[in-house]
Amino acid sequence: MTEDTTHRIPRHTTRIVLAERPHGTPTAATFRTEEAELPAPADGELLVGHRYISLDPYMRGRMSAGKSYAAPTPVGDVLPAETVSEVLESRHPDFAPGQLVVAYGGWQSAAVVPGAHARAVAANGLPASTALGVLGMPGFTAYAGLAEIGRVREGETLVVAAAAGPVGATVGQLARAAGARAVGIAGGPRKCAYLVEDLGFDAAIDHRSEDFGERLAAA
Ligand SMILES: NC(=O)c1ccc[n+]([C@@H]2O[C@H](COP(=O)([O-])OP(=O)(O)OC[C@H]3O[C@@H](n4cnc5c(N)ncnc54)[C@H](OP(=O)(O)O)[C@@H]3O)[C@@H](O)[C@H]2O)c1
């Protein structure tokens with residue numbers, strides 16, 4: 001389905017850039033908010049407005065200059081992120097205005113992105129944000145990690161760290177579906193309750209609790 005989006009094509013984006021490289025935990029001084037002009041999309045490009053921005057652990061690595069599998073974000077550049085975005089203007093034959101896509105749109109309100117790097121959000125009746133979570137990169141990481149490497153079997157017990165995040169939550173649920181016991185580790189009572197009551201983990205342990213070792217052994 002397409003719609004006339006010409007009346008709401010933005011000419012500017014509000015973006016969050018890396019103001020300085022953090023030492024340890026990032027602070028407000030790590031970031032700066034600014035307005036920037038958006039170029040008109042060239043052949044093969046899309047102008048998109050972001051609906052959802054995914055905040056993922058890999059971003060902390062990009063803020064540092066250290067050696068990594070990906071190049072660091074230059075100081076002054078917009079922080080990278082996958083986004084679920086609405087196509088507002090398309091110069092790529094596979095996409096039309098009004099369509100929702102997953103793009104590498106960054107920490108900002110709108111962007112011009114290459115159509116070749118975008119993919120349509122599946123029309124599956126689920127919330128579009130799931131394309132950044134369980135049906136996106138984290139869910140795929142969980143599936144590939146468990147199916148290809150972990151290979152959990154029925155009757156085994158699987159312990160999942162960072163279990164309340166999108167990767168761990170998916171790993172635990174896949175393990176349960178495979179007939180295994182899932183034990184999750186998370187920070188705080190609310191996350192632990194979420195693991196057991198909402199996601200169906202067999203047990204959850206707060207890594208901040210004093211008797212963490214004993215509770216893990218018991219579970
Ligand atoms: N190789 C890949 O392709 C790939 C892809 C995606 C993700 N990953 C990795 O998989 C892991 C989970 O990803 P996710 O997206 O699901 O993460 P996430 O849960 O959204 O965030 C990371 C979680 O780690 C926990 N944590 C434990 N110790 C921490 C500490 N010292 N500082 C900060 N957080 C701490 C926190 O949860 P609690 O408060 O509950 O402890 C935090 O929420 C991450 O290590 C990520 O880098 C790898």
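Start at 1 and go down the list; that is how both ligands and their atoms are numbered.
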Using a 3.5 Å cut-off and no angle test, enumerate the donor-acceptor pairs between side-chain atoms of residues 127-141 and protein atoms at least two apart in sequence or in another chain.
residue: T130; atom: OG1; partner: P127; partner atom: O; Å: 2.6
residue: T141; atom: OG1; partner: M137; partner atom: O; Å: 2.8

Near H207 (heavy-atom distance under 4.0 Å), the atoms of ligand 1 are 38 (P), 41 (O)
Item to complete: Taking atom 8 (N) of ligand 1 as the reference point, report whether a protein heavy atom occurs under 4.0 Å from it.
Response: no
Exactly one of Q99, H50, R51 clears side chain to side chain donor-acceptor pair (under 3.5 Å) with S85, and that residue is H50
Note to self: Going by a strict under-4.0 Å cutoff (protein heavy atoms only), does atom 17 (O) of ligand 1 have a neighbour on the protein?
What the structure shows: yes
Any donor and acceptor pair, going by atom type alone, linking the side chain of S90 with main-chain N or O of P97 inside 3.5 Å? no
Per-atom filter on ligand 1: closer than 4.0 angstrom to a heavy atom of M137 are 5 (C), 6 (C)
* Is atom 30 (C) of ligand 1 less than 4.0 angstrom from some protein heavy atom? -> no
ask   = Can you find an N or O of Y58 that's nearer than 3.5 Å to an N or O of ligand 1?
value = no
Check: When you measure from the side chain of E148 to the backbone N and O of G145, does any donor-acceptor pair fall under 3.5 Å?
Finding: no
Q | Contact bool for atom 13 (O) of ligand 1 (protein heavy atom, d < 4.0 Å) | A | yes
Check: Is I185 in polar range of ligand 1, meaning some N or O pair under 3.5 Å apart?
Finding: no
Honestly, for A186 the part within reach of ligand 1 (heavy atoms, under 4.0 Å) is both
**Asked** Is it the case that more than 12 heavy atoms not belonging to R21 sit under 6.0 Å from its CZ atom?
**Response** yes
#### Entry: P72 backbone acceptor or donor facing R62 side chain under 3.5 Å
no
The closest protein heavy-atom partner of atom 5 (C) of ligand 1 is T141 OG1, 3.1 Å
When only distance counts, is K191 in polar contact with ligand 1, meaning an N/O pair under 3.5 Å?
yes
Heavy-atom protein neighbour under 4.0 angstrom from atom 42 (C) of ligand 1
no
A162 heavy atoms within 4.0 Å reach ligand 1 at atoms 23 (C), 24 (O)
- Under-4.0 Å salt bridge between E34 and R15: yes
Give the table of side-chain donor-acceptor pairs shorter than 3.5 Å for residues 170-188, with sequence neighbours excluded, one pair per line with atom names and distance.
residue: T170; atom: OG1; partner: P166; partner atom: O; Å: 2.7
residue: Q173; atom: NE2; partner: A169; partner atom: O; Å: 3.0
residue: R176; atom: NE; partner: G200; partner atom: O; Å: 2.8
residue: R176; atom: NH1; partner: D202; partner atom: OD1; Å: 3.3
residue: R176; atom: NH1; partner: D202; partner atom: OD2; Å: 3.4
residue: R181; atom: NH1; partner: A219; partner atom: O; Å: 2.7
residue: R181; atom: NH2; partner: A219; partner atom: O; Å: 3.4

Note: heavy atom closest to atom 21 (O) of ligand 1, options P57, S54, G165, belongs to P57
Shortest non-hydrogen pair, L79 vs L18, comes out as CD2-N, 3.4 Å
For atom 40 (O) of ligand 1, the closest protein heavy atom turns out to be G187 N, 2.7 Å
Any protein heavy atom at under 4.0 Å, with atom 47 (O) of ligand 1 as the reference point?
yes
(Q) With a 3.5 Å distance limit and no angle check, can you tell me whether D56 reaches the backbone of Y58 through a side-chain donor-acceptor pair? (A) no
Worksheet item: Would you say T30's side chain and P22's backbone share a donor-acceptor pair under 3.5 angstrom?
Response: no
Logged contact type for V167 with ligand 1, heavy-atom cut-off 4.0 Å, is both
So for P166 against ligand 1, with non-hydrogen atoms under 4.0 Å, the contacting part is both
